[in-house]
Amino acid sequence: MPTIAWPAGLAPVEDAKAYLLLNHGPTILISAAHGGQRNVMAAAWNTALDFSPAKVAVVIDKSTATRALVEASGCFAINVPCRAIADLSYTVGSISRRDVGDKFERCAIPHFGARAIDVPLVAGCVAWLECRVRPAPEIAHEYDLFFGEVLAAWADERIFRAGRWHFDDGPQELRTLHHTAGGQFFSPGEGLRASLLGASTAADSTPINKD
Ligand SMILES: Cc1cc2nc3c(=O)[nH]c(=O)nc-3n(C[C@H](O)[C@H](O)[C@H](O)COP(=O)(O)O)c2cc1C
């Protein structure tokens, strides 16, 4: 393994901005409902955790109204928005139910009912994951982190089919939204197909993700 000199052109990133280096995955909308109340918020801090049974993790801050609904109902839905609903996605992440009341009504959000949980799904998104909370109260308290077991998942076939995204040949407006900062988003660009490095490197290991 060659050691090289410290590369030119590296700039330090301040602590409060370090998360942004990892944070440009898809922004999602978390919807939840309980006791006649419903809500939806944006969340850029999210990740898949396991293949099957599928599990996910999302950060839901204590200040959000959504969190109370998730904690009370034990359920939430992940809605994966796209370019076509960028303004709506940013808006529901910038106003709170505490201040504006029912965001579905206020923002005239078209929605339909989830199948496995009693939660509204946001129409116009490109994928949806219906989740049951896997309780981890100490972690939720300390890190605002919630784990979800995926009970059902759906996707718009125009952009996700045969087990993968089709950003290259799908409609532009269905590309997912990735937040960089301050309301600026990007969408996936041109795809590329990677190859495994030479035989000597790959000989004694099997790639984990062969799809
Ligand atoms: C692009 C974007 C990403 C966000 N990501 C998160 C997140 O990961 N976790 C979180 O708790 N809040 C996040 N927020 C903030 C919430 O969406 C925001 O506080 C929202 O108003 C909460 O709504 P509620 O109080 O009605 O639940 C994000 C906001 C935006 C605009």
Side-chain angles (χ1 to χ4, degrees), residues 19-20 22-49 55-114 116-137 139-154 176-187:
Y19 80 94
L20 289 171
L22 297 176
N23 202 215
H24 50 294
T27 289
I28 59 166
L29 306 180
I30 299 176
S31 54
H34 182 70
Q37 297 193 345
R38 58 189 180 176
N39 201 27
V40 56
M41 63 172 260
W45 292 4
N46 63 80
T47 186
L49 275 187
K55 296 185 203 70
V56 296
V58 293
V59 169
I60 309 177
D61 192 77
K62 291 177 189 65
S63 66
T64 66
T66 305
R67 177 154 168 169
L69 300 180
V70 171
E71 288 182 324
S73 66
C75 297
F76 62 89
I78 289 178
N79 308 256
V80 182
C82 58
R83 291 181 71 100
I85 57 166
D87 292 347
L88 172 68
S89 304
Y90 187 50
T91 302
V92 299
S94 305
I95 55 176
S96 175
R97 183 190 157 89
R98 295 190 202 292
D99 305 318
V100 303
D102 187 340
K103 284 188 221 176
F104 282 91
E105 214 170 283
R106 167 98 176 201
C107 303
I109 303 173
H111 55 281
F112 54 101
I117 56 179
D118 191 12
V119 166
L121 302 181
V122 177
C125 286
V126 289
W128 301 263
L129 296 94
E130 303 181 25
C131 303
R132 175 166 55 209
V133 173
R134 283 280 191 111
I139 291 175
H141 179 73
E142 181 80 14
Y143 300 104
D144 297 326
L145 188 62
F146 288 77
F147 301 109
E149 180 182 344
V150 179
L151 302 179
W154 315 94
T176 47
L177 284 177
H178 302 246
H179 192 233
T180 49
Q184 180 70 31
F185 293 83
F186 73 93
S187 302

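Residue numbers start at 1 and run along the sequence shown.
Under the side chain to side chain contact (heavy atoms under 4.5 Å, CB included) criterion, Ala116 pairs with Glu130, Leu151, Ala152, not counting sequence neighbours. Taking Asp144 as the reference, Lys62, Arg67 meet the salt bridge (charged side-chain N to carboxylate O under 4.0 Å, His left out) condition, with sequence neighbours excluded. Scanning for side-chain hydrogen bond (donor to acceptor under 3.5 Å, both in side chains) contacts around Ser63 gives Asp61, with sequence neighbours left out. By the salt bridge (charged side-chain N to carboxylate O under 4.0 Å, His left out) test, Arg98 pairs with no residue at all, sequence neighbours left out.
In this structure, Leu29 CG and Lys103 NZ are separated by 9.5 Å, a value rounded to the nearest 0.5 Å.
Contact detail for Pro120 and Ala32: the closest heavy-atom pair is CD-O, 4.3 Å. For Met41 against Val59, the heavy-atom pair with the smallest separation is CE-O, 4.4 Å. Here the shortest heavy-atom pairing between Ala65 and Ser96 reads CB-OG, 4.2 Å. Nearest heavy atom pair, residue Thr27 against residue Ala42, reads CG2-CB, 4.3 Å. Among all heavy-atom pairs drawn from Ala108 and Pro110, the shortest one is O-CD, 3.3 Å.
Side-chain N or O atoms of Arg97 include none that pairs as donor or acceptor with a backbone N or O of Gln37 at under 3.5 Å. Using modelled atom types, no side-chain atom of His34 and backbone atom of Arg38 make a donor-acceptor pair closer than 3.5 Å. Side chain of Asn46 to backbone of Pro26: a donor-acceptor contact under 3.5 angstrom is found. A donor-acceptor pair under 3.5 Å is absent between the side-chain atoms of Ser31 and the main chain of Leu121, judged by distance alone.
Looking at heavy atoms from C-beta onward, Asn23 lies in side-chain contact with Trp45 at the 4.5 angstrom threshold. Looking at Leu49 and Phe147, their side chains come closer than 4.5 Å, going by heavy atoms from C-beta outward. For the pair Ser187/Thr176, no side-chain contact is recorded, criterion being any heavy-atom separation below 4.5 Å from C-beta on. For the pair Val56 and Ile78, the minimum side-chain heavy-atom distance is below 4.5 Å. For the pair Val122/His111, no side-chain contact is recorded, criterion being any heavy-atom separation below 4.5 Å from C-beta on. Taking 4.5 Å as the limit, every side-chain heavy atom of Thr180 sits out of range of all side-chain heavy atoms of Leu20.
Within a 6.0 Å sphere centred on CG of Asp118, heavy atoms belonging to other residues, nucleotides or ligands number 12 at most. By the 6.0 Å contact criterion, CZ on Phe186 is enclosed, its count of non-hydrogen atoms from other residues, nucleotides or ligands being greater than 12.
Residue pairs meeting the salt bridge (charged side-chain N to carboxylate O under 4.0 Å, His left out) criterion with at least one partner in residues 73-82, sequence neighbours excluded, do not occur; the list is empty.
Among the candidates Phe112, Phe76, Trp154, the single residue satisfying the ring-ring contact (aromatic ring centres under 6.0 Å, His included) test with Trp128 is Phe112.
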What side-chain donor-acceptor pairs closer than 3.5 Å can you find for residues 84-93, not counting sequence neighbours?
{"from": "Ser89", "atom 1": "OG", "to": "Ile85", "atom 2": "O", "distance (Å)": "2.7"}
{"from": "Thr91", "atom 1": "OG1", "to": "Asp87", "atom 2": "O", "distance (Å)": "2.6"}

Problem set entry | Evaluation steps, side chain to side chain contact (heavy atoms under 4.5 Å, CB included), between Val40 and Thr66 | CA-CA 7 Å; Val40 56; Thr66 305; over 6 Å; no
For this session: Report the C-alpha separation of Asn79 and Ile28 in whole Å, then their side-chain angles, then the decisive distance to 0.1 Å, and conclude whether the side chain to side chain contact (heavy atoms under 4.5 Å, CB included) test is met.
Result: CA-CA 6 Å; Asn79 308 256; Ile28 59 166; over 6 Å; no
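Ion pairing of Glu149 with Arg134 is present here, as a side-chain N (NZ or NE/NH1/NH2) and a carboxylate O approach within less than 4.0 Å.
Aromatic rings of His178 and Phe185 (six-membered ring for Trp) have centroids beyond the 6.0 Å cut-off, not under it.
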